[in-house]
> 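For reference, the structure I am asking about is given below.
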Amino acid sequence: MPELPEVETLARYLRRRLVGRTIRRVQILTPATIRSPRPDRFTRALRGRTVQGIDRRGKYVLVRLDRGLVLVIHLRMTGDLVIMPRRRLLHPHTRVVLGFGGSDLRFEDQRRFGHMDLLPASAVPYFEPLQRMGAEPLDGAFTPQRFRAILKRRRGALKPLLLRQEVVAGIGNLYSDEILFQARLHPGRRVESLRPQEVRRLYLATRRVLRRAVRRLARAGEPVGALLAVREEGGACPRCGRLLAATRMGGRATYFCPACQR
DNA sequence: CGGCTCCCCTGGCAGC
DNA sequence: TGCTGCCAGGGGAGCC
Ligand SMILES: [Zn+2]
């Protein structure tokens with residue numbers, strides 16, 4: 001279930017495979033997946049379009065097409081984009097198929113939370129969720145100063161803060177736990193109580209955790225993180241060996257070490 | 001604004 | 001075996 005590193009890895013893969021190729025066939029198996037425009041228009045507008053580029057913003061995949069169109073896709077919890085030969089049987093959770101001749105790009109999504117919007121490129125900056133989206137943590141513009149400024153405007157517990165896409169884009173439930181573990185900060189710690197040194201740790205941990213995960217996913221296809229490896233009921237802290245605390249914050253399962261994270 | 005609950009939907013799994 | 005309830009990595013709406 002994809003957070004920034006997984007979506008970034010997926011976007012890079014799609015870029016390698018799809019740029020320059022032309023959509024010949026569009027098949028919608030679950031109309032609800034298409035949020036806009038209506039399925040018949042969606043199909044007509046996509047047929048014949050050539051992929052010019054693939055971008056990522058937060059957890060969104062953006063497929064840039066000719067004629068000034070962009071296909072904006074969110075995988076949510078269970079969505080995935082897979083490329084496979086056209087002759088391969090459709091997986092039962094296949095929601096949308098874009099046929100590129102011999103191979104398909106298939107959107108598979110068990111829980112049907114994922115969705116896509118086909119927009120004019122000019123409308124993308126005004127597309128609500130993208131417009132609200134916060135800083136890209138792996139971007140060069142994401143500096144310690146910028147991060148400090150972002151946090152200064154906020155109040156409340158760190159974990160829910162990290163999960164808000166309009167604060168920092170792309171962090172989900174798993175990586176937020178990992179980031180807080182690496183930063184040695186308690187998930188319930190209030191952002192306004194952080195000392196400069198701790199803000200710095202949080203900044204560095206955010207970058208390092210996400211960057212490492214992208215690198216590792218690209219190579220091994222396996223997610224990384226000291227905490228992620230033991231993140232379960234009864235797991236031991238990788239740093240001090242004590243039992244991890246398991247709780248819920250903002251309705252999300254949360255794991256941390258009460259000794260190391262303050 | 002922050003923080004909570006509910007909801008969208010499906011399936012895996014523990015417990016009875 | 002079969003049923004039930006709970007849980008899941010996302011995020012928006014509605015409420016206090
Ligand atoms: Zn510890």
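Chain naming here is simple, since letters A, B, ... match the order of the sequence lines and numbering starts at 1 in each. Just so you know, these numbers use all the heavy atoms, side chains as well, and skip hydrogens, waters and symmetry mates.
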> Rounded to whole Å, how long is the line connecting atom CD of A:Gln110 with atom C1' of C:dA8?
9 Å
> For C:dG9 versus B:dC13, give the span between their P atoms, rounded off to a whole number of Å.
16 Å
> Taking atom C1' of C:dG9 as reference, at what distance in whole Å does atom CD of A:Glu8 sit?
18 Å
> Distance check, rounded to the nearest 0.5 Å: A:Leu29 atom CG versus A:Arg106 atom CZ?
9.5 Å
> Send over the distance from A:Ile179 CD1 to C:dG9 C1', rounded to a whole Å.
13 Å
> Tell me, yes or no, whether the heavy-atom count around A:Arg25 atom CZ, taken from other residues, nucleotides or ligands under 6.0 Å, exceeds 12.
yes
> Are more than 12 heavy atoms from other residues, nucleotides or ligands located less than 6.0 Å from atom CZ of A:Arg242?
no
> Quick one: A:Arg111 CZ to C:dC6 C1', roughly how many Å, whole number?
12 Å
> Starting from P on C:dG11, measure out to OH on A:Tyr60 and report it in whole angstrom.
7 Å
> Heavy atoms under 4.0 Å, any strand shown: does A:Arg132 hit a base, just sugar-phosphate, or nothing?
sugar-phosphate
> First contact, last contact: which nucleotides of DNA chain B are these for chain A, 5' to 3', heavy-atom distance under 4.0 Å?
B:dG2 to B:dG11
> Taking atom types as modelled, is there a side-chain donor on A:Ser103 or A:Arg17 under 3.5 Å from an acceptor on the other?
no
> For a quick test of reading the model: is some side-chain N or O of A:Arg76 closer than 4.0 Å to OP1 or OP2 of C:dG12?
no
> Identify whether any heavy atom of A:Arg95 sits under 4.0 Å from a base atom; if not, whether one sits that close to sugar-phosphate; answer base, sugar-phosphate or nothing.
nothing
> Rounded to the Å, how far apart are A:Leu163 CG and C:dG11 P?
9 Å
> Where are the stems of DNA chain C, defined as at least 3 consecutive Watson-Crick or wobble G-U pairs with both distances under 3.5 Å?
B:2-8 with C:10-16, B:10-16 with C:2-8
> A:Arg248 has an atom CZ; how far is it from atom P of C:dG9, in whole Å?
8 Å
> Is any NZ, NE, NH1 or NH2 atom of the basic residue among A:Asp66 and A:Arg49 found under 4.0 Å from an Asp or Glu carboxylate oxygen of the other?
yes
> Can you tell me how far CZ of A:Phe142 sits from OG1 of A:Thr206, rounded to the nearest 0.5 angstrom?
5.5 Å
> Considering only residues two or more places apart or on different chains, which pairs with a residue in residues 45-64 of chain A satisfy ring-ring contact (aromatic ring centres under 6.0 Å, His included)?
A:Tyr60-A:His74
> Among A:Val70, A:Val19, A:Val51, A:Leu71, find the residue that satisfies the side chain to side chain contact (heavy atoms under 4.5 Å, CB included) test when tested with A:Arg64.
A:Val70
> Between B:dC6 and C:dC6, how many Å separate the two C1' atoms, rounded to a whole number?
16 Å
> Within this structure, what is the CD1-to-P distance between A:Ile73 and C:dG11, rounded to whole angstrom?
15 Å
> Hey, is the main chain of A:Arg155 close enough, under 3.5 Å, to the side chain of A:Glu192 for a donor-acceptor pair?
no
